[in-house]
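Below is one structure, written out as structure tokens, with a few remarks after it.
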Amino acid sequence: MTAEVEAGETASVERRPLPAFIKLLTGIAATVLITYGANMYERQHILSQLGFRASRTFLANGVTDGAAAWRSDAGWTHRIARLSGTADPATRARIAEQLAAKKGIAGVEWMDR
């Protein structure tokens, strides 16, 4: 046998497969990075659309000091509207019902009860 590899032949390299836990950790890390990147890229657009829908609903019901927060406690963009503002209980219920029916809004809760 010669020490050189002839043209067209490949050198045989002994490869050991990666352990399953390394593959799992790599997959989890990739998923987390993709999710975080997508959240950072789309956050402003999502918040803009949700805020526009909430502000129109507030104004349609005569509430001029209403506000909607769209972030979870952990800081992620969240589709549950956390509302505040001065409105009587009947108006609050009407606003919550109208917002819950809008596309992209998963739920509504009033924060200042």
Side-chain angles (χ1 to χ4, degrees):
M1 286 185 31
T2 62
E4 297 177 19
V5 177
E6 293 183 24
E9 292 183 18
T10 58
S12 174
V13 177
E14 184 180 331
R15 295 181 187 230
R16 294 185 346 208
L18 286 174
F21 76 93
I22 297 292
K23 293 178 184 178
L24 177 65
L25 290 177
T26 303
I28 290 171
T31 302
V32 167
L33 286 174
I34 290 169
T35 303
Y36 181 75
N39 181 52
M40 297 305 289
Y41 181 74
E42 288 290 323
R43 175 182 288 177
Q44 190 59 43
H45 176 70
I46 292 169
L47 292 176
S48 172
Q49 292 296 315
L50 294 175
F52 177 72
R53 292 179 185 133
S55 66
R56 288 190 54 173
T57 303
F58 277 123
L59 290 176
N61 286 285
V63 178
T64 58
D65 66 344
W70 301 99
R71 305 256 172 135
S72 68
D73 293 334
W76 289 88
T77 303
H78 209 249
R79 292 183 185 257
I80 295 176
R82 296 177 172 194
L83 306 177
S84 62
T86 57
D88 58 79
T91 304
R92 286 180 176 219
R94 191 170 54 249
I95 290 172
E97 181 182 331
Q98 290 172 359
L99 275 177
K102 294 197 180 295
K103 179 181 176 184
I105 298 176
V108 178
E109 59 186 34
W110 284 89
M111 299 308 292
D112 57 346
R113 294 181 185 245

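Only this structure's heavy atoms are used, side chains among them; waters, hydrogens and symmetry mates stay out.
For Arg43, the CZ atom sits in a packed shell: over 12 heavy atoms of surrounding residues, nucleotides or ligands are nearer than 6.0 Å.
Rounding to the nearest 0.5 angstrom, the gap separating the OG atom in Ser84 from the CD atom in Glu109 is 11.5 Å. To the nearest 0.5 Å, atoms CG (Leu24) and CG (Leu18) are separated by 12.5 Å. Separating the CG atom in Leu99 from the CD1 atom in Ile80 is a distance of 13.0 Å, to the nearest 0.5 Å.
The backbone N or O of Ala90 lies less than 3.5 Å from a partner atom in the side chain of Asp88, making a donor-acceptor pair. For Arg79 (side chain) and Leu50 (main-chain N/O), no donor-acceptor pair under 3.5 Å exists by modelled atom type. Looking only at distances, a side-chain donor or acceptor of Thr31 sits under 3.5 Å from a matching main-chain atom of Gly27.
Considering all non-hydrogen atoms of both residues, Thr91 and Asn61 come closest at CG2-O, 3.9 Å. Trp70 and Ala54 make their closest contact through CZ2-CB, 3.9 Å (heavy atoms, listed as atom of the first residue, atom of the second, distance).
Note on Trp110: it clusters hydrophobically with Ile105, by side-chain heavy-atom contacts below 4.5 Å among ILVMFWY residues.
By the 4.5 Å heavy-atom criterion applied to side chains, Val108 and Gln98 are not counted as neighbours. Under the 4.5 Å side-chain criterion, counting only non-hydrogen atoms from C-beta, Lys103 is not in contact with Gln49.
Among Arg94, Glu97, Lys102, the single residue meeting the side-chain contact (heavy atoms from CB on, under 4.5 Å) criterion with Thr57 is Lys102.
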**Item:** Asp65 vs Thr86, side-chain hydrogen bond (donor to acceptor under 3.5 Å, both in side chains): CA-CA, chis, key distance, verdict
**Value:** CA-CA 7 Å; Asp65 66 344; Thr86 57; 2.7 Å; yes
